[in-house]
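Quick notes on the structure that follows.
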2 protein chains.
Amino acid sequence: MTPDQNTELAEIFRLLGDANRLSIVLSCLDTPIGVGDLAKSLGLSQSLVSHHLRLLRAARLVRGERDGKFVRYVAADDHVRAMLKNMTAHIDEECGDD
Amino acid sequence: MTPDQNTELAEIFRLLGDANRLSIVLSCLDTPIGVGDLAKSLGLSQSLVSHHLRLLRAARLVRGERDGKFVRYVAADDHVRAMLKNMTAHIDEECGDD
DNA sequence: TGTTCATATGAACAACTGTTCATGTGAGTG
DNA sequence: CACTCACATGAACAGTTGTTCATATGAACA
């Protein structure tokens with residue numbers, strides 16, 4: 001693991017290290033979802049969700065697809081999906097062990 | 001994924017989201033290593049490493065074993081090891097794809 | 001064009017975080 | 001005991017971050 005890779009990985013972790021941002025990413029892991037729906041379903045302001053999505057987009061964790069008035073966001077690729085599913089699986093198991 | 005699990009996972013990510021802390025955890029994934037050696041090999045102050053280790057310990061990402069004057073730290077369990085190896089593997093693959 | 005809906009952006013601020021420096025604790029050794 | 005080595009802790013500060021409010025952009029539709 002090179003220093004650059006270490007920094008890159010830390011940056012990804014940092015972005016996922018906010019509870020709201022994490023739930024945003026998890027909410028669009030498999031199915032594209034619009035910003036407004038995201039905000040409503042998570043109980044967050046539209047502005048806040050949009051700000052977070054900008055960061056997630058910049059880090060290529062998420063990608064937005066325009067559809068008329070709407071912009072729907074999904075996990076950027078299978079790496080992101082696999083990483084997060086692996087992590088959530090471990091969390092589930094840990095809770096079982098406690 | 002319950003809200004509690006979401007928070008817990010975010011907390012883990014937040015801790016790994018600092019480059020120094022991440023390299024500390026990665027440095028003791030498989031082999032226990034003392035605080036001083038950790039500091040020297042990463043080019044960080046002993047105090048800083050110790051502060052970070054306290055946070056990592058509190059989150060049960062790492063565990064310390066006393067050995068005389070020394071305290072050696074290791075990844076807390078196989079979950080932590082597996083999660084991090086999975087993440088680093090994905091980072092490696094992503095770099096290959098670019 | 002003017003209006004409305006969905007999303008993005010900018011400024012501002014309180015709260016938090018990483019780091020350093022100084023000091024404390026506790027184990028080993030003379 | 002006094003001293004040293006390895007580590008932990010506390011206070012303090014600069015820099016960063018999440019959030020809100022207000023406003024801008026941009027697409028659809030009358």
Side-chain angles (χ1 to χ4, degrees), chain A residues 3 6-28 31-76, chain B residues 3 6-28 31-76:
Chain A
N6 187 83
T7 301
E8 187 184 348
L9 185 53
E11 176 66 12
I12 293 176
F13 280 138
R14 195 179 62 80
L15 286 168
L16 299 174
D18 175 77
N20 289 336
R21 220 148 43 204
L22 178 60
S23 56
I24 288 174
V25 179
L26 292 180
S27 295
C28 63
T31 312
I33 178 175
V35 181
D37 289 352
L38 219 31
K40 178 176 290 186
S41 85
L42 297 175
L44 304 174
S45 77
Q46 177 267 320
S47 173
L48 181 54
V49 172
S50 190
H51 277 298
H52 282 316
L53 283 170
R54 185 156 54 95
L55 298 176
L56 294 170
R57 211 191 322 145
R60 295 175 183 278
L61 284 170
V62 141
R63 124 183 78 89
E65 326 171 322
R66 179 131 231 156
D67 173 19
K69 280 193 302 187
F70 298 87
V71 178
R72 271 183 263 272
Y73 283 87
V74 219
Chain B
N6 187 83
T7 301
E8 187 184 349
L9 185 52
E11 177 66 11
I12 292 175
F13 280 137
R14 194 178 62 81
L15 287 168
L16 298 174
D18 175 77
N20 289 336
R21 222 148 41 206
L22 178 59
S23 55
I24 288 174
V25 179
L26 292 180
S27 295
C28 63
T31 310
I33 178 174
V35 180
D37 289 351
L38 219 32
K40 179 176 289 186
S41 84
L42 298 174
L44 304 173
S45 77
Q46 178 266 321
S47 171
L48 180 55
V49 172
S50 189
H51 276 299
H52 283 316
L53 282 171
R54 184 157 54 97
L55 298 176
L56 296 169
R57 211 191 323 146
R60 295 175 183 278
L61 283 170
V62 141
R63 125 182 79 89
E65 327 170 321
R66 179 130 232 157
D67 174 19
K69 281 192 300 186
F70 298 88
V71 178
R72 272 184 261 274
Y73 283 88
V74 218

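Every heavy atom of this structure was used, including side-chain atoms; hydrogens, water molecules and symmetry mates were not. Since the model is a prediction, treat every value here as computed from it, not as a measurement. Below, chain A is the first sequence line, B the second, and so on; all start at residue 1.
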Next item on the list: Drop me the distance from Arg21(B)'s CZ to Leu61(B)'s CG, to the nearest 0.5 angstrom.
Entry: 10.0 Å

Check: Looking at Tyr73(A), does any N or O in its side chain come under 4.0 Å of the phosphate oxygens OP1/OP2 on dA6(C)?
Finding: no

Item checked: Most 5' of Ser47(A) and Asp67(A) on DNA chain D, judged by nearest nucleotide -> Ser47(A)

Next item on the list: Find which nucleotide of DNA chain D each of Leu48(A) and Ser50(B) is nearest to by heavy atoms, and output the residue with the more 5' nucleotide.
Entry: Ser50(B)

Item checked: Side chain proximity check, Leu53(A) to Ile24(A), heavy atoms < 4.5 angstrom -> yes

Notebook entry, point to check: So, is Arg66(B) near the phosphate of dA27(C), with a side-chain N or O under 4.0 Å from OP1 or OP2?
Noted result: no

Notebook entry, point to check: dT17(C) phosphate, OP1 or OP2: any side-chain N/O from Arg14(B) under 4.0 angstrom?
Noted result: yes

Notebook entry, point to check: Taking N and O atoms by type only, does the side chain of Gln46(A) place a donor or acceptor under 3.5 Å from a partner on the base of dA8(C)?
Noted result: yes

Margin query: At 4.0 Å (heavy atoms only), tell me whether His51(B) reaches a base, stays on the sugar-phosphate, or touches nothing.
Written below: base

Check: Does dT19(D) have OP1 or OP2 sitting under 4.0 Å from an N or O in the side chain of Asn20(A)?
Finding: yes

Item checked: Listed nucleotide nearest any side-chain atom of Phe70(B), set dT19(C), dC7(D), dG18(D) -> dC7(D)

Margin query: Looking at dT17(C), I'd like to know if its phosphate oxygens (OP1 or OP2) sit under 4.0 Å from a side-chain N or O belonging to His52(B).
Written below: no

